[in-house]
Colleague: 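Got a structure here, written out as structure tokens. Questions coming.
Reminder, nothing fancy here: chain letters follow the sequence lines and each chain counts from 1.
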Number of protein chains: 2
Amino acid sequence: MSRTPPHPAREQIELPMVLDCLSDPIRLAIVYQLAQQEPVSSELCCGDFNGLSGKSNLTYHFAKLRECGLMLTRVAGTNRFMRLRREDLEARFPGLLDAVLKSAAKDADRLQLVAECDVVEAD
Amino acid sequence: MSRTPPHPAREQIELPMVLDCLSDPIRLAIVYQLAQQEPVSSELCCGDFNGLSGKSNLTYHFAKLRECGLMLTRVAGTNRFMRLRREDLEARFPGLLDAVLKSAAKDADRLQLVAECDVVEAD
DNA sequence: TCGATAGTTCAATAAACATTGAACATAGGG
DNA sequence: CCCTATGTTCAATGTTTATTGAACTATCGA
């Protein structure tokens with residue numbers, strides 16, 4: 001449970017896998033939340049997403065997001081911090097992530113995504 | 001087999017469904033081919049995609065593309081002509097389709113998409 | 001060293017998905 | 001009017017997917 005999990009290299013990131021990853025509502029919410037938080041801190045840890053589903057289900061979705069190259073996981077003690085691989089995605093698929101995020105933002109209600117300020121947890 | 005099949009209204013087009021549709025290599029190839037052909041003629045008929053898979057499998061993928069709002073089917077005699085719903089998609093998700101198409105073009109080899117001039121059929 | 005916290009792993013399950021071939025429907029040309 | 005070309009429908013199949021809970025591992029702080 002200790003070592004950094006494997007990530008694909010930039011050139012290994014595949015378009016169909018990325019689109020498939022983003023097509024799941026829970027994963028889209030994770031990516032969206034990560035993007036929202038970016039101005040404040042570029043990473044969030046697993047627990048910050050507990051509202052979206054159960055822990056073991058989140059582990060499953062985190063793995064998918066990591067394996068398709070959408071995000072990066074950093075292990076720090078008992079926490080795992082994740083952040084978007086913006087640079088790599090922009091290099092591989094220019095404009096794609098932003099277009100998806102903007103589209104998601106437009107439909108935030110419909111997609112039940114958190115509002116900009118709900119990200120701060122309650123305790 | 002005669003009447004025009006149902007299409008979702010513009011406002012019913014959902015982001016996750018669109019992304020999921022585009023995440024399948026065959027459907028991505030269909031959309032890509034449709035986009036390539038646009039300058040020449042804005043529509044293609046089912047048979048133009050026979051290289052991608054068997055007919056009944058294509059029917060299945062066409063239905064998905066239609067139901068998620070990516071393309072429009074027009075019935076003309078024994079043919080079905082399809083075209084991209086560019087305007088509707090641009091209105092709902094600005095920049096998204098273009099970003100996907102540009103990304104697909106970059107990876108055309110990897111994705112086994114047809115080159116710009118292979119679209120013309122052989123006979 | 002103990003206990004709590006954070007997250008993973010595993011097995012089970014139900015649903016959705018892609019693919020196939022055979023049978024069918026429809027329209028148009030000889 | 002039949003024959004052919006175009007495309008659909010249906011049922012069967014095997015695969016992948018998302019979700020759950022229980023058991024587990026590792027780290028930190030008291």
Colleague: Without decimals, in angstroms, what is the distance between B:Phe81 CZ and C:dA27 C1'?
Modeller: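 Roughly 13 Å, once rounded to whole Å.
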Colleague: With sequence neighbours left out, which residue pairs that include part of residues 49-76 of chain A fulfil the salt bridge (charged side-chain N to carboxylate O under 4.0 Å, His left out) condition?
Modeller: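 Counting only pairs at least two positions apart or across chains, the salt bridge (charged side-chain N to carboxylate O under 4.0 Å, His left out) contacts touching residues 49-76 of chain A are A:Glu43-A:Arg74.
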Colleague: Which pairs, protein N/O on one side and nucleotides 21-24 of chain D N/O on the other, fall under 3.5 Å?
Modeller:
from   : atom 1 : to      : atom 2 : distance (Å)
D:dG21 : N7     : A:Ser56 : OG     : 3.4
D:dG21 : O6     : A:Ser56 : OG     : 3.0

Colleague: Just by distance, do the side chain of A:Asp24 and the backbone of A:Arg27 share a donor-acceptor pair under 3.5 Å?
Modeller: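 Here the side-chain-to-backbone pair exists.
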Colleague: Is it true that B:Met17 and B:Ile30 fall in one hydrophobic cluster, defined by side-chain heavy atoms closer than 4.5 Å?
Modeller: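 No: no chain of side-chain contacts under 4.5 Å links B:Met17 to B:Ile30.
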Colleague: Check every strand shown and say whether A:Gly54 touches a base, only sugar-phosphate, or nothing at a heavy-atom separation below 4.0 Å.
Modeller: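 Answer is nothing: A:Gly54 stays at 4.0 Å or more from every strand.
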Colleague: For A:Cys68, does its backbone N or O pair with a side-chain atom of A:Gln12 as donor and acceptor, under 3.5 Å?
Modeller: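 Between the backbone of A:Cys68 and the side chain of A:Gln12 there is no qualifying donor-acceptor contact (under 3.5 Å).
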Colleague: What is the distance, rounded to the nearest whole Å, between atom CG of A:Asp48 and atom P of C:dG7?
Modeller: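 Checked: the CG to P distance equals 8 Å.
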Colleague: With hydrophobic residues grouped by side-chain heavy-atom distances under 4.5 Å, do B:Tyr60 and B:Leu34 end up in a single group?
Modeller: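 The answer is no; the residues belong to distinct hydrophobic clusters.
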Colleague: Establish, with yes or no, whether the OP1 or OP2 oxygen of C:dT19 is under 4.0 angstrom from a side-chain nitrogen or oxygen of B:His61.
Modeller: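 Indeed, a polar side-chain atom of B:His61 lies that close.
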Colleague: Specify the separation, in whole Å, of atom CD1 of B:Ile26 and atom C1' of C:dT19.
Modeller: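 In whole Å, C:dT19 C1' and B:Ile26 CD1 are 9 Å from each other.
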Colleague: More than 12 non-hydrogen atoms from neighbouring residues, nucleotides or ligands closer than 6.0 Å to NZ on B:Lys106, yes or no?
Modeller: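 Yes - once you tally the heavy atoms of other residues, nucleotides and ligands closer than 6.0 Å, there are more than 12.
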Colleague: Write down the distance between CD (B:Glu67) and P (C:dA16), rounded to a whole number of angstrom.
Modeller: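 Result: 14 Å.
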Colleague: Can you check whether B:Thr59 has a side-chain N or O nearer than 4.0 Å to OP1 or OP2 of D:dT8?
Modeller: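 It does, given that an N or O in the side chain of B:Thr59 lies less than 4.0 Å from OP1 or OP2 of D:dT8.
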Colleague: Atom NZ of B:Lys55 to atom C1' of D:dT4: distance rounded to whole Å?
Modeller: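 Rounded to whole Å, this separation is 11 Å.
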Colleague: Counting only side-chain heavy atoms from C-beta out, which of C:dA18, D:dT17, C:dA6 sits nearest to A:Thr78?
Modeller: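 Out of C:dA18, D:dT17, C:dA6, the nucleotide with an atom closest to A:Thr78's side chain is C:dA6.
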Colleague: What's A:Leu58 touching, base or sugar-phosphate or nothing? Going by heavy atoms closer than 4.0 Å.
Modeller: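 It contacts nothing in the nucleic acid.
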Colleague: Of all the nucleotides listed (C:dG7, D:dA18, D:dT20), which has the minimum atom distance to the side chain of A:Ser53?
Modeller: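 Nearest to the side-chain atoms of A:Ser53, counting from C-beta on, is D:dT20.
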Colleague: Identify each donor-acceptor pair in which a side-chain atom of residues 82-91 of chain A lies under 3.5 Å from a protein atom, sequence neighbours left out, and give them as a table.
Modeller:
from    : atom 1 : to      : atom 2 : distance (Å)
A:Arg85 : NE     : A:Asp88 : OD2    : 3.1
A:Arg85 : NH1    : A:Pro8  : O      : 2.8
A:Arg85 : NH2    : A:Pro8  : O      : 3.0
A:Arg85 : NH2    : A:Asp88 : OD2    : 3.1
A:Arg86 : NE     : A:Glu38 : OE1    : 2.7
A:Arg86 : NE     : A:Glu38 : OE2    : 3.1
A:Arg86 : NH1    : A:Asp98 : OD1    : 3.1
A:Arg86 : NH2    : A:Glu38 : OE1    : 3.2
A:Asp88 : OD1    : A:Arg10 : NE     : 2.6
A:Asp88 : OD1    : A:Arg10 : NH2    : 3.0
A:Glu90 : OE1    : A:Gly95 : N      : 3.3
A:Glu90 : OE2    : A:Gly95 : N      : 3.2

Colleague: On the nucleotide D:dT8, are OP1 or OP2 found under 4.0 Å from the side-chain N or O atoms that B:Arg80 carries?
Modeller: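 It does, given that an N or O in the side chain of B:Arg80 lies less than 4.0 Å from OP1 or OP2 of D:dT8.
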Colleague: Nearest whole angstrom, please: distance from the C1' of C:dG7 to the CG of A:Leu44.
Modeller: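 Checked: the CG to C1' distance equals 16 Å.
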Colleague: Looking only at side-chain N and O atoms, does A:Asn79 come under 4.0 Å of OP1 or OP2 in D:dT27?
Modeller: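 Checking A:Asn79 against D:dT27: no side-chain N or O falls below 4.0 Å of OP1 or OP2.
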Colleague: What is the distance from CG of B:Leu19 to P of D:dT17, rounded to the nearest Å?
Modeller: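 Going from B:Leu19 (CG) to D:dT17 (P), I get 16 Å.
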Colleague: Can a side chain N or O of B:Lys64 be found less than 4.0 Å away from OP1 or OP2 on C:dC17?
Modeller: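 B:Lys64 to C:dC17 OP1/OP2: side-chain N or O found under 4.0 Å.
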Colleague: Roughly how many Å is it from CG in A:Leu65 to C1' in C:dT8, rounded to a whole number?
Modeller: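 To the nearest whole Å, that distance equals 16 Å.
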